[in-house]
Student: 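Before I ask anything, let me first share the structure, which is written out below as C-alpha cells.
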Amino acid sequence: MLEKELNLEYFRKEGFKRYRCGKCGSYFWSVVPRDTCTESPCGEYRFLGEGMFNRKFEIEDMRNFFISFFKERGHTPIKRYPVVARWRDDVFLVNASIYDFQPHVTSGLVDPPANPLVISQPCIRMVDVDSVGKTGRHLTGFEMMAHHAFNYPDRRVYWKEETVAYAIELLEKLGVDREDIVLKEHPWFGGGNAGASFEVIVGGLELATLVFMNLRESPTGNIEIEGVKYEEMPIKIVDTGYGLERFVWVSKGTPTIYEAIYPDMLEKLMNLTGVVKDEKEERVLQLLAYHSPKIEVMGERNFMEFFIKEAGISREYYEKRIVPIQKLYALADFSRSLSFMLTDGIIPSNIQAGYLARLLIRRSLNILYSFGNPISLYELIEMHARRFSDIMDTSMLPIVREEIELEEERYRRTLERGKDIVKRLLKKKRKIDVDDLILLYDSHGLLPDIVKKVAEEQGVEIEIPENFHSLVARKHESAEKRKVKEKKEYPFPPTRTLYYEDPYMKNFTAKVVHVMGRELILDQTAFYPEGGGQPSDRGFVEWDGKRYMVQDVQKYNGVIVHYLDKEADIPTGADIRGEIDWDRRERLMRMHTAEHVLLAACRRVLGKHVWQHGTQKDVMESRFDIAHYRPLSREEVKAIEREAMRIITSCIDVDARFMDRREAEDRYGFVLYEGGVPPGKEIRVVRIDGYDVEACGGTHVRNTGEIGFLKILRTERIQDGVTRIVYSAGISALEKIQEIEDHALTSANLLNVSLDRLDEKVKSLIDERKVLAKELQREKEKRIEILAKEIMSRGSTKLVEIVDLEPKEMQMLMKILSGRMDEIVLIGRDGNIMVWSKEHRARDIAMKVAEAMEGKAGGRGDFAQGKGKREKVQDGFNIAKEVMGL
RNA sequence: GGGCCGGUAGAUCAGCUCGGAAGAUCGCCACGCUUGCAACGUGGAGGUCGCGGGUUCAAAUCCCGCCCGGUCCA
C-alpha cells in the first residue's frame, strides 16, 4: 500500500530512488544507492563533532528560521497552544502539533485558524522520562515545528508532492547535502486516524516526520491496517513534525542534544555542583549518544556491558563521572518541561496532568538533593521561563514559585514519613523483601533506592529486583470499566429554543410534535433542558382545559423532551400553552450568572491558574469546584466575596450569543472552555465584559446587578489541588443567611446572651461542663473506693457480690479489689458479670455464672466478662458461691 | 477515574494477625533537688480509638458504608 501511496512524481524528477534497508527491511528513498536506511542503529550518527548544517543555531534562531521559511512560502504563522490540552477531554497534555487541531478541525467541523499554517508547538511526552539524560537525545519537553495544510473536497491547498519538496528545500537551505537525506516510508496511525508517512533521516537521526492523513477509523471501512478498519476521509491533512531541538543538535554536533539546547543552564549547573566534563567525558558521552539507539535492540543491561567495553572505561568511572553529568542533563530537561506546564496553569496534584507535573518535580528534587541542593528548583524553572519569555507567560512566576515551595515541603514530609515507616518495618522484621518494596513504593511513594539507603543506615542490606517497575505495573493490571451513557435518538427536527431567544419568557404557546406516554415534544419551548450543570425547568402545559405538570426536561441531539406527571392524550398538531415555574427559574438564572462572576472573582483574587473543575447549580445552593494549589483561607474567601459583590454592584451587562467557534477561540482564547468543551461549529458565548467569557449553554440574567447578592456558604478540599466552593445567590442567598441567623439567634436566646457574646458564652459553657464531668467522675470514684473499703474490711480473700453499678464502675471497683483479693465475682443489677481470679479460672467461673443466668461470657484466665438476664441475677449469685465454695 | 496505605493523648507512634481492664516516648503542669537554668527524681493532667451502622455477652481490634489524609497508576 505504502509503495503506491508514496511513489511521488517529485522523486522521479529529482532523482530519488526506492531502496530496501538490509537491516530493518523498511523501504526508503534516496538520491544515492544505499544498503541501509541510515537511521541509527541501522546506520550511524554522522553529525556528531562538526554538525551538518552550514551554521550553528540556537533554539530561538532555529524556530525563527523555520517559521520565516514557511511564511515566505505562503504559510500563516500561528501562536503556540498551551501544553495542557484545555480544548480536549481525551488527553491531558499536547503530544504533537496536530493535537491543536483535534478533534474539530481534523473532523472538518471547524475551520483551521489559517490554511496552510506554520507553528512551533511545545509538547510534553512523559513516556521517555526514564531515558532522559541517559541516551543523549531523549527529552520530556520539546518543540514540534510544523507546517499543516488542510485539503477539502472543494479547496485543495497542497499534498504529498509539495510537502516533500518543502522538506527537502528547507534542509538544503540549511546546508544539508541532498545525498545525506533519506526518506523512510512508514505507515502512521493514531487517535482514530491513519495515513502514509515519511520519516526524514539526516546523518542517521530522524529530524522530521511528514504524515499524509487521509483515513479515519470506521467499522464499515474497506482499508485494513493492523486489524483496524479505516475509510477515506473527505479532508486530507498534511501533518508534519520537525523536532526543533534535534535541528539545533544537528547544527552544532555537540556530544549530546542537551549541550546544544541548554548551554547556559548546563554551564551554571556544572559550576554549582562541581561536576566536571573534560575531553574524556565529552568523548564518552558522544560515544554513548552514538551507540544509544542500540539499546532498543540489545536491552539496557546488555547495552551497558557492551558500551563500557567499547568505550574502554570502568564501571566505576561511568558511575562516578558520567552518571552525574547525565543527571544534570535530565534536570535541565525536566525543569524546562515544568516551566511550560506550570506557566500554562497546570497545578501539581495527584490527579490528571497535575500528577505528571508532580512526578517531574519530584524527580528533579531527587537530583538536586543528590547534589546537596546547590540551587532551588524554582530558580531553574525561572531561568527557562526568562529565556523563553516570548513563548512563556512569565507573569505566572510568582504563583509557580509558591507551588514549587509547597511541593518541596510536601515531598520533604512524604520522605520523612517514609523513612520512619522503613525504620519501623526494619525494627519489626529485620529485613525488607520484594513485597515490602512494592508496598513502600505503591502506597507511600518511596523509591526502592531511598528504601535501600535508609536500610543501609540501619545496617540492613536490600536486594532491588531488576524488574521492579514491571512488578509494580503487574499489580495495577485490571480490566477498565467505562460507563457509557445511553443516547436516545428522536426522529424530529430540532426544537426551537425560546429560552435563548428570550431568557425572560415565562409562558408561551407551541404546537405538539409528538406525544408518547408521558413524553411530550413541541415545535418550540421556553423550558430549559438540563445541561451545563443547570437543572431543567419545571412548570406546566395546558391543553383543552387540562393541566400537565412538567417534571423534567431533557435534550437529545437538539430535540427537547418534556416529561409530564401523567400520560397525555394530546393530539399531534394541537396548540398548547406552557408556563414556567418562574421563581425556580429566576433563582437558577441568578445562580448561573453568579457562578461566572465567582470564577472571575477567584481568578482575580487567587491568580489566573484558577480553572473551573466542575459545577452543579441548584435552587438554594450551588457547587463550584476550582483547581487551586491549596485550601482557601478565611481571608481569601472573604476577599472573593467582596470582589464578586463588586462585580455585581457594578451592574455589568451579560451578553450571550452564538458565535463561530473559530472566531470565538481567536478572540477569547481557551478560557472559553472553563466549563467544558461543547461540541459543534457554533458555540454559545456568555460574556461579562472585562471579567469573564465562557462557552456556556445556560440561561443568564441580563445584568450582573440582577444577581443582587452572592454568598459563599462553605469551602472544602475535595481532592488534592481541587477546592469546592458552595455558594448561593439572590433571594436564595438571603434565605440561606437568614437560616444561619435563625440558628445563631436561637442559640443566643437559649444562652440568654447577645449574638456578639455567643462564642464567648459557648466556650465558658464547654469549660464548665468539663469541670463538672470531672467532678462527677471523682464522686463516682470516691463512692466506689468507699464500697471497696467496706468489702475489704470483711477480711475475706474471695468475694461474690451483687452490685448496683454500671459496667464502667464495676471495672473500677474490680481494679481496686483485684490487688488485694484472690477471686472476685461481681454481678451487676442489670445482668453484667465480671470475674477476676488469681488462679486463672476467671473464664470458667464467668461461663458457669452466665450459663445459670441464661447468658454468655468469655475472656481470659485472670479476667472475664459476660452478661446474663437481669431477672436471673440471684441464680448467678448462687452458682458463683457454689463454684467458689463459699 | 481505578488500586493501595493510613486516621488511637498536644506530637510521634504501639496495641488490630488471634475481640476480653486503652498504652509507650516526647511535650505539658505541679512538687522535690538547685543561687538560677539544664539535667535528674516523684506525682499529675491530657482519649467520642476519624464518623455511622452491623456481628457479639463483649469491638480500637471482625464486617459494611462514609469522611479525611497520603501514595501509585491511566
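A, B, ... follow the sequence lines: proteins, then strands. Residue 1 opens every chain. What you see is a predicted model, and the numbers here were worked out from it, not measured in a lab.
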Student: Between B/U55 and B/U12, how far apart are the P atoms? Round to whole Å, please.
Tutor: 35 Å
Student: Counting only pairs under 3.5 Å, give me each side-chain donor-acceptor contact of residues 850-860 of chain A, with atom names and distances, residues two or more places apart or in other chains.
Tutor:
| unit_1 | atom_1 | unit_2 | atom_2 | d |
| --- | --- | --- | --- | --- |
| A/Glu854 | OE1 | A/Lys869 | NZ | 3.1 |
| A/Glu854 | OE2 | A/Lys872 | NZ | 3.1 |
| A/Arg860 | NE | A/Asp862 | OD1 | 3.3 |

Student: Tabulate atom names and distances for all N/O pairs under 3.5 angstrom spanning the protein and nucleotides 44-53 of chain B.
Tutor:
none

Student: Whole angstrom is fine here: how far is it from CD in A/Gln352 over to C1' in B/G2?
Tutor: 13 Å
Student: Between protein and nucleotides 5-25 of chain B, map the contacts as a letter string: B base, S sugar-phosphate only, - none, heavy atoms under 4.0 Å, written 5' to 3'.
Tutor: S-------SS-----BBS---
Student: For A/Glu456, does the CD atom have more than 12 heavy-atom neighbours from other residues, nucleotides or ligands under 6.0 Å away?
Tutor: yes
Student: Evaluate whether atom CE of A/Met814 has more than 12 neighbouring non-hydrogen atoms of other residues, nucleotides or ligands under 6.0 angstrom away.
Tutor: yes
Student: Does a side-chain N or O of A/Lys856 approach OP1 or OP2 of B/C57 to a distance below 4.0 Å, or not?
Tutor: yes
Student: Which whole number of Å gives the distance between the P atom of B/A21 and that of B/A39?
Tutor: 36 Å
Student: How many Å lie between CD1 on A/Ile351 and C1' on B/U71, as a whole number?
Tutor: 14 Å
Student: Is a salt bridge present between A/Arg363 and A/Asp130, judged by a nitrogen-to-oxygen distance below 4.0 Å?
Tutor: yes
Student: Across all strands, who's sitting opposite B/U56 as a Watson-Crick or G-U wobble pair, both distances under 3.5 Å?
Tutor: none
Student: In whole Å, what separates the P atom of B/U48 from that of B/C5?
Tutor: 27 Å
Student: Could you state the CG-P distance from A/Leu437 to B/C4, rounded to the nearest angstrom?
Tutor: 19 Å
Student: Using residues 437-452 of chain A as the side-chain source, report each donor-acceptor pair under 3.5 Å to any protein atom, sequence neighbours left out, with the distance given to one decimal.
Tutor:
| unit_1 | atom_1 | unit_2 | atom_2 | d |
| --- | --- | --- | --- | --- |
| A/Asp442 | OD1 | A/His476 | NE2 | 2.9 |
| A/Asp442 | OD2 | A/His476 | NE2 | 3.3 |
| A/Lys452 | NZ | A/Ile462 | O | 3.3 |

Student: May I ask you to say what A/Arg413 touches in the nucleic acid, namely base, sugar-phosphate or nothing, with a heavy-atom cut-off under 4.0 Å?
Tutor: nothing
Student: Which base, if any, makes a Watson-Crick or G-U wobble pair with B/A74, both distances under 3.5 Å?
Tutor: none
Student: For residues 829-856 of chain A, which residue pairs pass the ring pair (Phe, Tyr, Trp, His ring centres under 6.0 Å) check, not counting sequence neighbours?
Tutor: none
Student: Would you mind listing every side chain to side chain donor-acceptor pair (under 3.5 Å) that reaches into residues 803-817 of chain A, with sequence neighbours excluded?
Tutor: none
Student: With both distances under 3.5 angstrom, what nucleotide forms a Watson-Crick or G-U wobble pair with B/A9?
Tutor: none
Student: Say we look at B/A58 and B/A22: how far apart would their C1' atoms be, to the nearest angstrom?
Tutor: 15 Å
Student: What's the CE-C1' distance between A/Met834 and B/A58, to the nearest Å?
Tutor: 10 Å
Student: Any strand counts, and the cut-off is 3.5 Å on both contacts for Watson-Crick or G-U wobble. Which nucleotide pairs with B/A30?
Tutor: B/U42
Student: Without decimals, in angstroms, what is the distance between A/Tyr441 OH and B/G70 P?
Tutor: 18 Å
Student: Taking side-chain contact (heavy atoms from CB on, under 4.5 Å) as the definition, give me every residue that meets it alongside A/Ala194, ordered by chain and number, with sequence neighbours left out.
Tutor: A/Phe189, A/Leu215, A/Ile225, A/Tyr230
Student: Can you list everything that forms a salt bridge (charged side-chain N to carboxylate O under 4.0 Å, His left out) with A/Arg362? Sequence neighbours excluded, please.
Tutor: none
Student: Check this for me, if you would: do A/Glu785 and A/Lys782 make a salt bridge, where the nitrogen-to-carboxylate-oxygen distance has to be below 4.0 angstrom?
Tutor: no
Student: What is the distance, to the nearest angstrom, from the CG atom on A/Asp442 to the C1' atom on B/G70?
Tutor: 13 Å
Student: Can you tell me the distance, in whole Å, between the CD atom of A/Glu806 and the P atom of B/A58?
Tutor: 16 Å
Student: Would you jot down, in residue-number order, the residues of residues 625-633 of chain A having a non-hydrogen atom under 4.0 Å from RNA chain B?
Tutor: none
Student: Judged by each residue's nearest nucleotide on RNA chain B, which is more toward the 5′ side, A/Leu356 or A/Gly868?
Tutor: A/Gly868
Student: Could you check which nucleotide pairs with B/U61 in any of the strands shown, counting Watson-Crick or G-U wobble with both distances under 3.5 Å?
Tutor: none
Student: Run the salt bridge (charged side-chain N to carboxylate O under 4.0 Å, His left out) test against A/Arg714 and tell me which residues pass, sequence neighbours left out.
Tutor: A/Glu621
Student: How close or far is atom P of B/G2 from atom CD of A/Gln719, stated in whole angstroms?
Tutor: 10 Å
Student: Only one of A/His613, A/Gln719, A/Arg724 passes side-chain hydrogen bond (donor to acceptor under 3.5 Å, both in side chains) with A/Asp625; say which it is.
Tutor: A/Arg724
Student: Could a donor-acceptor pair under 3.5 angstrom be found where the side chain of A/Asn350 meets the base of B/U71?
Tutor: yes
Student: Would you tabulate the side-chain donor-acceptor contacts of residues 414-426 of chain A under 3.5 Å, counting partners in other chains and residues two or more places apart, or write 'none'?
Tutor:
| unit_1 | atom_1 | unit_2 | atom_2 | d |
| --- | --- | --- | --- | --- |
| A/Thr414 | OG1 | A/Arg410 | O | 3.1 |
| A/Glu416 | OE2 | A/Arg412 | NH1 | 3.0 |

Student: Taking the same atom, P, in B/A45 and in B/A30, what whole-Å distance lies between them?
Tutor: 15 Å
Student: Sticking with atom P, work out how far B/C68 lies from B/G20, rounded to a whole angstrom.
Tutor: 31 Å
Student: Taking the P atom in each of B/A74 and B/C16, what is the distance between them to the nearest angstrom?
Tutor: 36 Å
Student: Taking salt bridge (charged side-chain N to carboxylate O under 4.0 Å, His left out) as the definition, give me every residue that meets it alongside A/Glu403, ordered by chain and number, with sequence neighbours left out.
Tutor: none
Student: C1' atom, B/A14 versus B/G6: distance in rounded Å?
Tutor: 15 Å
Student: Counting only Watson-Crick pairs (N1-N3 plus N6-O4 or O6-N4) and G-U wobbles (N1-O2, O6-N3), all under 3.5 Å, who is the partner of B/C16?
Tutor: none
